[in-house]
Enquirer: 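Attaching a single structure in C-alpha cells format; questions to follow.
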Amino acid sequence: MLRNSFVKSSAASRASALQFVRFASTKYDVVVIGGGPGGYIAAIKAAQLGYNTACVEKRGSLGGTCLNVGCIPSKSLLNNTHLYHQIKHDSKHRGIEIAGDVSVNFSTLMAAKDKAVKGLTSGIEMLFKKNGVTYLKGEASFVDEHNINVKPIDGSENLEVEGTNFIVATGSEPTPFPGIEIDEERIVSSTGVLSLKELPKRMSIIGGGIIGLEMASVYARLGTEVTVIEFQSAIGAGMDAEVAKQSQKLLAKQGLNFKLGTKVTKGVREGDVVKIEVEDVKSGKKEELESDVLLVAIGRRPYTKNLDFEKAGLELDNKGRVVIDSELKTKHDHIRVIGDVTFGPMLAHKAEEEGVAAAEYIKHGHGHVNYANIPSVMYTHPEVAWVGLNEQQLKEQGIKYKVGKFPFIANSRAKTNLDTDGFVKFLADAETQRVLGVHIIGANAGEMIAEAGLALEYGASTEDIARTCHAHPTLSEAFKEAALATFDKPLNF
C-alpha cells in the first residue's frame with residue numbers, strides 16, 4: 001500500500017507534511033518531473049484542465065533554480081544593492097542629504113534575499129493545494145516509459161508511480177569549467193555566489209553573459225573590485241552588438257573591469273586566495289590574477305543526472321538535451337519535455353510557456369509557443385532587454401530593414417528621474433515597417449519590452465505603435481518615438 005505522505009515517524013512531521021503531500025493512488029493522469037517554473041506551471045495547468053496530476057521535486061522546495069538559486073534571489077540582491085548605491089552616490093544630486101555614513105549589513109542583505117525566496121516557494125505549495133496537485137517530495141527516475149521510481153527526500157520507502165502522461169521539466173545546472181574545481185566557498189558557481197558568507201574585496205568572473213554581469217553589478221556596488229573575463233570580444237551573448245557595446249561602456253563607468261578576448265587556462269584555490277591564469281586570445285600573452293572569490297559563469301547545461309532516461313527510451317542530442325518534436329513530444333506520444341532540459345533559450349518564462357502548451361497538447365491536441373518572441377532581460381542598471389531579431393541576425397538572413405532609435409536623454413520622464421542612460425532601438429522591415437526586433441538599454445527596459453513582444457505577436461508595424469497614444473510623462477514615450485523614427489522623424493529629438 002502507498003503511504004499517505006513522505007514523512008518520518010514523528011507525529012509533528014507527519015502533520016506538517018500532510019498539508020501538501022497526500023496520495024490517493026500511485027497512478028496519475030499527468031506526472032510532472034521537476035517543480036521549477038516550467039514544471040509547476042505545467043502541473044497547475046494540467047490540474048486546471050481536469051487531470052489528476054502529481055509533481056515530483058527533489059529539492060524540498062518548489063520553484064526550481066529560478067526561485068531558489070537564480071532569478072529571484074539575484075533580483076533581490078540587484079534591487080537592494082542598487083538602492084544602496086543610489087543612496088550612497090546619487091542622493092546628493094537629488095537634494096537628499098544623508099546624515100552620517102551609509103553602509104551595508106551583508107548578512108541582513110542576504111537574509112532579505114532568503115525571505116523573498118521562502119515566501120515565493122511556499123506560495124507555490126499553496127497553489128498546488130488550491131488546484132489539487134499532488135506534491136511528491138522526492139527524486140524521480142524512470143523504470144520504463146510508463147512508470148517512475150520516486151525516492152523520498154525524507155528517507156522513507158521508495159514509491160513506484162504510474163503516469164498516463166509525463167511532462168519532464170528537470171531544468172539545468174551550472175556548466176563546469178574543465179580543470180577548475182568549484183567548492184562554493186572561494187571558487188563558486190551561480191549558486192554559491194548568491195550565498196557568500198562575507199563580502200569579498202576582489203572577485204573575478206569567468207563569463208560575460210547575463211549571469212556574470214548581473215553578479216558583477218551586485219558586488220561592484222558593494223565595493224568589491226570586480227574583473228569580468230570573457231573569451232569573446234564582446235559581452236552579453238545574444239545582445240544586439242550596438243547595445244552590448246553601450247552596456248559595457250556604462251558598466252565600466254560603474255567600476256567593472258573587463259578582459260575581453262581572454263581565455264582562462266587555470267584557476268586554483270590557495271588558502272583564502274584564488275590564483276587565475278589567463279591568456280589573450282589573439283596575442284597569446286599570459287597573465288596571472290588573484291581574487292578572493294572566483295565565479296564560474298560560463299552557462300548552464302541540461303540536468304539529466306540519475307533520471308535513467310534510457311530506460312524510457314528517451315534520446316539525447318550532442319548537447320545533452322532531450323530530443324523532442326514541435327509538439328514537445330519525445331519518441332513516445334505520452335512523454336513531453338519542456339524547459340532547460342531540451343532545446344531553446346534557458347529562460348524561466350520560456351519554460352512556463354511550454355508548461356502551459358504541454359498541458360494543452362495533452363488535453364486538446366494543440367498548444368502554442370512562439371519561439372521567435374521570447375524576450376531576454378539583463379537586470380543590471382540600466383537594464384538591457386530585447387526581443388525578436390538583432391542586426392547581426394538580420395544581416396545574416398539577408399533581410400532588408402530600417403533602424404529607429406530614440407535616446408532616453410530626450411525623454412521627459414527620464415530627465416525628471418535623472419536617469420537618462422540608454423536608448424530604444426527598433427528594427428523594422430524596410431518595406432512593410434513590420435516590427436522585426438526591439439532592443440532597449442535603460443531604466444525599466446525589462447518592463448517596457450512587453451509592449452514590443454505584443455507588437456511582434458500580432459505583427460504590428462512601427463506606424464501602429466507610433467500612432468498609439470502613450471501617456472505623458474512616461475519612459476514608454478521613448479518607445480513610441482523610436483518606432484516613429486523608423487519611417488519619419490522623431491518629435492522630441
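Source: prediction; values computed, not measured.
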Enquirer: Passes side-chain hydrogen bond (donor to acceptor under 3.5 Å, both in side chains), Ser61 versus Asn68? Steps please.
Expert: CA-CA 8 Å; Ser61 62; Asn68 288 277; 2.6 Å; yes
Enquirer: Closest heavy-atom contact between Cys66 and Pro37?
Expert: CB-CG, 3.5 Å
Enquirer: Which pair of heavy atoms, one from Lys402 and one from Ala430, lies closest together, and at what distance?
Expert: CE-O, 3.5 Å
Enquirer: Checking side chain to side chain contact (heavy atoms under 4.5 Å, CB included) against Leu289, which of Val264, Val274, Ile229 comes through?
Expert: Ile229
Enquirer: Where do His366 and Glu360 land on the side-chain hydrogen bond (donor to acceptor under 3.5 Å, both in side chains) test, with the steps shown first?
Expert: CA-CA 6 Å; His366 56 80; Glu360 290 179 337; 6.0 Å; no
Enquirer: Give, for atom CG of Leu120 and atom NZ of Lys115, the distance between the pair rounded to the nearest 0.5 Å.
Expert: 12.0 Å
Enquirer: Looking at residues at least two apart in the chain, or sitting in another chain, which of them share a ring pair (Phe, Tyr, Trp, His ring centres under 6.0 Å) with Phe343?
Expert: Tyr371
Enquirer: Roughly how far, to the nearest 0.5 Å, is CE of Met126 from CG of Asn131?
Expert: 11.0 Å
Enquirer: Give the minimum heavy-atom separation between Ile449 and Val438, together with the two atoms involved.
Expert: CD1-O, 3.8 Å
Enquirer: Would you call Glu214 and Lys75 a salt bridge, using N to O less than 4.0 angstrom?
Expert: yes
Enquirer: Decide, yes or no, whether a salt bridge links Glu185 with Arg269 under the criterion of side-chain N to carboxylate O below 4.0 Å.
Expert: yes
Enquirer: Does some side-chain heavy atom of Lys395 sit less than 4.5 Å from a side-chain heavy atom of Tyr401?
Expert: yes
Enquirer: Counting neighbours of CZ on Arg94 that are heavy atoms of other residues, nucleotides or ligands and sit closer than 6.0 Å, is the number greater than 12?
Expert: yes
Enquirer: Test: ring-ring contact (aromatic ring centres under 6.0 Å, His included). Region: residues 409-433. Which pairs qualify, not counting sequence neighbours?
Expert: Phe426-Phe479
Enquirer: If you count the non-hydrogen atoms of other residues, nucleotides and ligands that lie under 6.0 Å from CD in Gln392, is the total more than 12?
Expert: yes
Enquirer: With Lys259, which of Glu230, Glu287, Glu279 fulfils salt bridge (Lys or Arg N to Asp or Glu O under 4.0 Å)?
Expert: Glu287
Enquirer: If you measure from CG on Asn373 to CD on Glu353, what distance do you get to the nearest 0.5 Å?
Expert: 9.0 Å
Enquirer: If I compare all heavy atoms of Cys55 with all of Ala43, which pair ends up nearest, and what's the gap?
Expert: CB-CB, 4.0 Å
Enquirer: Checking Leu67 against Leu62 for the side chain to side chain contact (heavy atoms under 4.5 Å, CB included) test, could you report, in this order, the C-alpha distance in whole Å, the side-chain angles of both residues, the deciding distance, and whether it holds?
Expert: CA-CA 8 Å; Leu67 265 69; Leu62 294 163; over 6 Å; no
Enquirer: Give a yes-or-no answer on whether the side chains of Glu225 and Asn257 include a donor-acceptor pair shorter than 3.5 Å.
Expert: no
Enquirer: Could you report the tightest heavy-atom contact between Gly271 and Arg186, atom names first, then the distance?
Expert: O-CG, 4.3 Å
Enquirer: Do Pro302 and Lys319 have side-chain heavy atoms sitting under 4.5 Å apart?
Expert: no
Enquirer: So Asp101 and Lys88, do their side chains get closer than 4.5 Å, heavy atoms only?
Expert: yes
Enquirer: Minimum heavy-atom separation for Ser172 and Thr65, please, with both atom names.
Expert: O-OG1, 3.8 Å
Enquirer: Do other residues, nucleotides or ligands put more than 12 heavy atoms under 6.0 Å from Glu277 CD?
Expert: yes
Enquirer: Do Tyr361 and Leu328 have side chains that get closer than 4.5 Å, going by heavy atoms?
Expert: yes
Enquirer: Under the rule for salt bridge (Lys or Arg N to Asp or Glu O under 4.0 Å), what residues qualify as partners of Glu383, not counting sequence neighbours?
Expert: none
Enquirer: Under a plain distance cut-off of 3.5 Å, with no hydrogens placed, do Glu184 and Ser189 share a side-chain donor-acceptor pair?
Expert: yes
Enquirer: Tell me whether the rings of Phe128 and Tyr135 are parallel (<30°), tilted (30 to 60°) or perpendicular (>60°).
Expert: perpendicular
Enquirer: Find out whether Pro200 and Leu196 are in side-chain contact, i.e. whether some heavy atom of one side chain is under 4.5 Å from a heavy atom of the other.
Expert: yes
Enquirer: To the nearest 0.5 angstrom, please state how far the OG1 atom of Thr474 sits from the CG atom of Asn411.
Expert: 7.0 Å
Enquirer: Around Tyr84, counting heavy atoms of other residues, nucleotides and ligands shown, do more than 12 lie under 6.0 Å from its OH?
Expert: yes
Enquirer: Are any of the side-chain heavy atoms of Leu251 and Phe258 separated by less than 4.5 Å?
Expert: yes
Enquirer: Assess whether atom CZ of Arg413 is packed by more than 12 heavy atoms of other residues, nucleotides or ligands within 6.0 Å.
Expert: no
Enquirer: To the nearest 0.5 Å, how far apart are CZ in Phe106 and NZ in Lys197?
Expert: 10.0 Å
Enquirer: CD1/Ile324 to CD/Glu354 distance, rounded to the nearest 0.5 angstrom?
Expert: 6.0 Å
Enquirer: Hey, are the side chains of Ile205 and Thr227 touching, using non-hydrogen atoms and a 4.5 Å cut-off?
Expert: no
Enquirer: Whether Glu125 and Lys129 form a salt bridge (side-chain N of Lys/Arg under 4.0 Å from carboxylate O of Asp/Glu) is what I want to check.
Expert: no
Enquirer: Given side chain to side chain contact (heavy atoms under 4.5 Å, CB included), test Asp114 with Lys118 step by step and report yes or no.
Expert: CA-CA 6 Å; Asp114 294 338; Lys118 185 176 181 181; over 6 Å; no
Enquirer: Dump the intermediate steps for side-chain hydrogen bond (donor to acceptor under 3.5 Å, both in side chains) on Gln254 and His89, then the final yes or no.
Expert: CA-CA 11 Å; Gln254 296 171 22; His89 299 284; over 6 Å; no
Enquirer: Are Glu242 and Lys405 within salt-bridge range, i.e. N to O under 4.0 Å?
Expert: yes
Enquirer: Apply side chain to side chain contact (heavy atoms under 4.5 Å, CB included) to the pair Leu491 and Leu484, showing each step before the final yes or no.
Expert: CA-CA 8 Å; Leu491 297 168; Leu484 177 63; 3.8 Å; yes
Enquirer: In terms of side-chain geometry, is the basic nitrogen of Asp292 or Lys201 positioned less than 4.0 Å from the acidic oxygen of its partner?
Expert: no
Enquirer: Flag yes if more than 12 heavy atoms outside Ile409 fall under 6.0 Å of its CD1 atom; otherwise flag no.
Expert: no
Enquirer: Is any side-chain N of the basic residue among Lys92 and Glu97 closer than 4.0 Å to the acidic one's carboxylate O?
Expert: no
Enquirer: Would you say Glu288 has more than 12 foreign heavy atoms packed within less than 6.0 Å of its CD?
Expert: yes
Enquirer: Under the side chain to side chain contact (heavy atoms under 4.5 Å, CB included) criterion, do Ile41 and Val356 qualify, and how do the steps go?
Expert: CA-CA 7 Å; Ile41 288 293; Val356 172; 3.7 Å; yes
Enquirer: Does a side-chain heavy-atom distance below 4.5 Å link Asn390 with Gln393?
Expert: yes
Enquirer: Does a salt bridge link Asp240 with Lys425, judged by any charged N lying under 4.0 Å from a carboxylate O?
Expert: yes
Enquirer: Give the intermediate values and the outcome of side-chain hydrogen bond (donor to acceptor under 3.5 Å, both in side chains) for residues Asp419 and His381.
Expert: CA-CA 10 Å; Asp419 198 354; His381 190 85; 3.0 Å; yes
Enquirer: For Asn105 and Ser103, test the side chains for any donor-to-acceptor distance below 3.5 angstrom and give the result as yes or no.
Expert: no
Enquirer: For Phe177, does the CZ atom sit with more than 12 other heavy atoms under 6.0 Å from it, leaving out its own atoms?
Expert: yes
